[in-house]
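Contents: one structure, followed by commentary.
Read the numbers this way: they start at 1 and go in the same order the structure lists the ligands and their atoms.
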Amino acid sequence: MNGVTGRMGYRQHLVRSILAIREQGGVELPDGTRIVPVPILVGRNEEKVRGIAERHGISRYGTDLGAVLADPTVEVYFDAQVTSAREKAILAAIAAGKHVYTEKPVAETVSGAVALARAARDAGIRDGVVMDKLFLPGLRKLRRLIEGGFFGRILSVRGEFGYWVFEGDWQEAQRPSWNYRAADGGGIVLDMFAHWNYVLETLFGRVEAVTARAVTHIPERVDEHGAAYAADADDAAYGIFELAGGIVAQVNSSWCVRVNRDELVEFQVDGTEGSAVAGLRRCRVQHRATTPKPVWNPDLATPEPFREQWQEVPDNTEFDNGFKVQWEEYLRHVVTGSPFPYDFAAAARGVQLAELGYASSRDGRRMAVPEIEL
Ligand SMILES: NC(=O)c1ccc[n+]([C@@H]2O[C@H](COP(=O)([O-])OP(=O)(O)OC[C@H]3O[C@@H](n4cnc5c(N)ncnc54)[C@H](O)[C@@H]3O)[C@@H](O)[C@H]2O)c1
């Protein structure tokens, strides 16, 4: 596991996924046997990696990725490094014959992502990419509604993602500074379009065209060491995505927005038979039969409490941590070959959408999304 000193690598992947899977006794397979992953921690800073290893009783750790990859008993390479460091490390892991699971985005460019997908295919390894949003309770309930035919014909999707990320001067920023530097792999389009692509294509249909506007609202921020830096990466993106089947999705992504929503991300889906608003945890619906009939009259105050007219979708099941659930699926896939659609090819489509989003913004154009040939 490379990059476990980082935010995602430590909390979501090491503690909440791999260690949690070990604590529960592994991942059970259909024949009753169990997969128990044994983590080896790799990082750039020996002291930091050792600290984590000691805190969690992990015996193997170090700074030499090559040495770990050369060990024939190691089966899976996991990457949660900064995006810009990923491609090279994954290529080395594939060359060493390891299966690979990685944070998104899988690479910074489509050509890089496609090269990884081809290398993985040619080496016959099992590749997977974190697509955590699909495993969130809110989106799983939304998926249940779609599969149950709740919406009738789906017309449109509206997504709102974001929150205020402090500039770092007056209050410390709550995200690492590399996210706001283009040269270090930052930028909200690269970060979030990778998510929106798999959410949209899995739930609604392939993205066929994108029109986007990426902007840098806040051009200077203050980093972890208190030094001001030029924040030249985009910190907000306003996108329109045309999906197969004629569905239009509009998604705003921003680190410069104050939250007036119930959750940090919300998707409203409108269909002929009903609508839903899904967030990270909750999902609320309004059926055609309970849809009010507002009449536009700016002279009168609206008497209807619109937000109260929606109904909560019950959980009806237990939702485990989404990162862990996806890890379990990936480990089953590695060991048994069970289907796992969240692979490098799917991730390459996410990077492609980001790249086309940037091109659209730069040129002020709607971009068709061609199918990627591997
Ligand atoms: N799935 C999600 O929801 C989600 C959310 C946030 C971030 N991410 C992705 O996870 C990855 C890590 O993000 P994070 O927020 O944990 O970042 P972070 O800055 O907290 O962690 C980065 C990790 O990479 C290591 N690293 C290796 N080379 C580096 C370099 N040259 N400069 C700086 N650090 C270097 C660091 O030591 C650290 O372990 C990114 O690719 C990001 O896109 C995914």
To which protein heavy atom is atom 11 (C) of ligand 1 closest, and what is the distance rounded to 0.1 Å? Q81 O, 3.4 Å
Within 45° of the axis and under 6.0 Å from the centre of the six-membered ring of Y163, does NZ or CZ of R258 qualify? no
E103, any N or O under 3.5 Å of ligand 1 N or O: yes
Tell me, please: is P105 in heavy-atom contact with ligand 1, that is, under 4.0 Å? yes
To which protein heavy atom is atom 38 (C) of ligand 1 closest, and what is the distance rounded to 0.1 Å? T5 OG1, 3.4 Å
With respect to G3, determine whether any N or O atom, backbone or side chain, lies less than 3.5 Å from an N or O atom of ligand 1. yes
Any N or O on R86 sitting closer than 3.5 Å to an N or O of ligand 1? yes
Write down the atom of D234, the atom of Y358, and the distance for their closest heavy-atom approach. OD1-OH, 2.8 Å
Nearest heavy-atom neighbours spanning A93 and V100: CB-CG2, 4.0 Å
Atom 20 (O) of ligand 1 sits nearest the protein heavy atom R7 N, 2.8 Å
Taking C-beta and beyond as the side chain, do K141 and N316 meet within less than 4.5 Å on heavy atoms? no
List every atom of ligand 1 that sits less than 4.0 Å from any heavy atom of A80, numbering the atoms from 1 in the order shown and giving each element. 11 (C), 12 (C), 23 (C)
Closest non-hydrogen protein atom to atom 24 (O) of ligand 1, residue and atom name please, with distance? V82 N, 3.0 Å
Option nearest atom 28 (N) of ligand 1 (shortest heavy-atom distance, choices Q326, R175, R44): R44
4.0 Å heavy-atom contact, K133 with ligand 1: yes
Look only at interatomic distance and state if G6 has a nitrogen or oxygen under 3.5 Å from any nitrogen or oxygen of ligand 1. yes
Tell me: protein heavy atom nearest atom 19 (O) of ligand 1, and distance? W178 NE1, 2.9 Å
Check: of N45, D132, V49, min heavy-atom distance to atom 2 (C) of ligand 1 comes from D132
Hey, do the aromatic rings of Y101 and Y77 have their centres closer than 6.0 Å? no
Is there a heavy atom of G43 sitting under 4.0 angstrom from any atom of ligand 1? no
Check: C256 main-chain N/O paired with S254 side-chain donor or acceptor under 3.5 Å: yes
Aromatic plane relationship, W196 with F267 - under 30° parallel, 30 to 60° tilted, over 60° perpendicular: perpendicular
Ring centroids only, cut at 6.0 angstrom: are H56 and Y61 within range, meaning strictly under it? no
Closest approach of any protein heavy atom to atom 7 (C) of ligand 1, naming residue and atom: M8 CG, 3.4 Å
Can you give me the closest heavy-atom contact between E242 and R366, atom names plus distance? OE2-NE, 2.8 Å
So is H195 close enough to ligand 1, meaning a heavy atom under 4.0 angstrom away? yes
How are the rings of H333 and Y330 set relative to one another: parallel (under 30°), tilted (30 to 60°) or perpendicular (over 60°)? tilted
Using the ring of each side chain (for Trp, its six-membered ring), is H13 parallel, tilted or perpendicular to F78, with breaks at 30° and 60°? tilted
Please write down residue, atom name and distance for the protein heavy atom closest to atom 43 (O) of ligand 1. K104 O, 3.0 Å
